[in-house]
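Structure record follows, encoded as structure tokens.
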Amino acid sequence: MNKFLIPVVIAAASTGGCIQVKTESEIKPIHITMDVNLKVDKELDKTFANEDQQQAKGDYAAIKSLIDRKVAGYTNTAMLEARDGATDDDKMTIAEENLKRMKRFREVAQKSGTTLEAVQKRRMLKLREKAASGTWLQGDDGKWSQK
């Protein structure tokens with residue numbers, strides 16, 4: 001039995017070394033998401049430049065007042081929502097501002113070649129960073145909290 005097994009093992013060992021397996025993998029850089037986010041951020045910065053200033057002017061002053069009085073907060077889609085204590089006039093101001101915001105978000109999405117949802121998400125990230133202490137913010141899970 002050993003006489004037969006030895007040549008088989010030698011044959012298997014010698015032919016096994018001749019088998020070659022070559023694998024190739026190509027690593028391509030992923031720039032798409034980062035490029036889109038940078039483009040969206042740039043457009044958002046231009047679009048909301050007046051609102052992001054410390055001393056808001058015009059319509060932005062009214063919005064800042066609502067946020068400061070804590071009768072409005074930012075939803076997780078970067079829209080405004082009335083909170084407890086908002087008057088009917090406050091709610092009308094919020095509704096008018098949301099129409100303007102939606103129009104601007106759509107314009108940024110179109111210029112950037114991305115979705116409306118992506119633009120709103122990027123804007124909300126910036127709002128969360130810049131929001132003053134006590135500002136009402138809606139989390140991604142839909143729950144409201146103050147910063």
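We count residues from 1, following the sequence as given.
More than 12 non-hydrogen atoms from other residues, nucleotides or ligands lie less than 6.0 angstrom from NZ of Lys70. The neighbour count for Gln110 CD, taken as heavy atoms of other residues, nucleotides or ligands under 6.0 Å away, does not exceed 12.
Within the 4.5 Å cutoff, the side chain of Met124 has heavy atoms near those of the Arg128 side chain. Annotation: side chain of Glu96 is not in contact with side chain of Ile63 (no heavy-atom distance under 4.5 Å).
By the criterion of side-chain heavy atoms lying less than 4.5 angstrom apart, applied directly or through intervening Ile, Leu, Val, Met, Phe, Trp or Tyr residues, Leu125 is not grouped with Leu127; the two fall into different hydrophobic clusters. No single ILVMFWY cluster, assembled from side-chain heavy atoms under 4.5 Å apart, contains both Trp136 and Tyr60.
Under a 3.5 Å cut-off, the side chain of Thr93 and the backbone N or O of Asp89 do form a donor-acceptor pair.
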Kindly determine whether Asp90 and Thr87 satisfy side-chain hydrogen bond (donor to acceptor under 3.5 Å, both in side chains), including the steps that lead there.
-> CA-CA 5 Å; Asp90 294 338; Thr87 66; 3.2 Å; yes
Derivation of the side chain to side chain contact (heavy atoms under 4.5 Å, CB included) call for Val119 and Arg104 = CA-CA 10 Å; Val119 170; Arg104 288 181 287 195; over 6 Å; no
Give the C-alpha distance, both sets of side-chain angles, the deciding distance and a yes or no for side chain to side chain contact (heavy atoms under 4.5 Å, CB included) between Trp144 and Thr75.
-> CA-CA 8 Å; Trp144 285 90; Thr75 68; 4.1 Å; yes
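A distance of 7.0 Å separates NZ in Lys147 from OG1 in Thr135, rounded to the nearest 0.5 Å. For the atom pair CZ (Arg123) and OG1 (Thr77), the distance works out to 12.5 Å, reported to the nearest 0.5 Å. Rounded to the nearest 0.5 Å, atoms OH (Tyr74) and NZ (Lys130) are 10.5 Å apart.
The shortest heavy-atom contact between Ile94 and Ala72 is CD1-CB, 3.7 Å.
Partner of Met102 under the side chain to side chain contact (heavy atoms under 4.5 Å, CB included) criterion, chosen from Gln120, Glu97, Glu107: Gln120. Partner of Lys64 under the side chain to side chain contact (heavy atoms under 4.5 Å, CB included) criterion, out of Ile67, Asp68, Leu66: Asp68 alone.
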Output a table of donor-acceptor pairs, distance under 3.5 Å, between side-chain atoms of residues 78-85 and any protein atom two or more places apart or on a different chain; print 'none' if there are none.
none

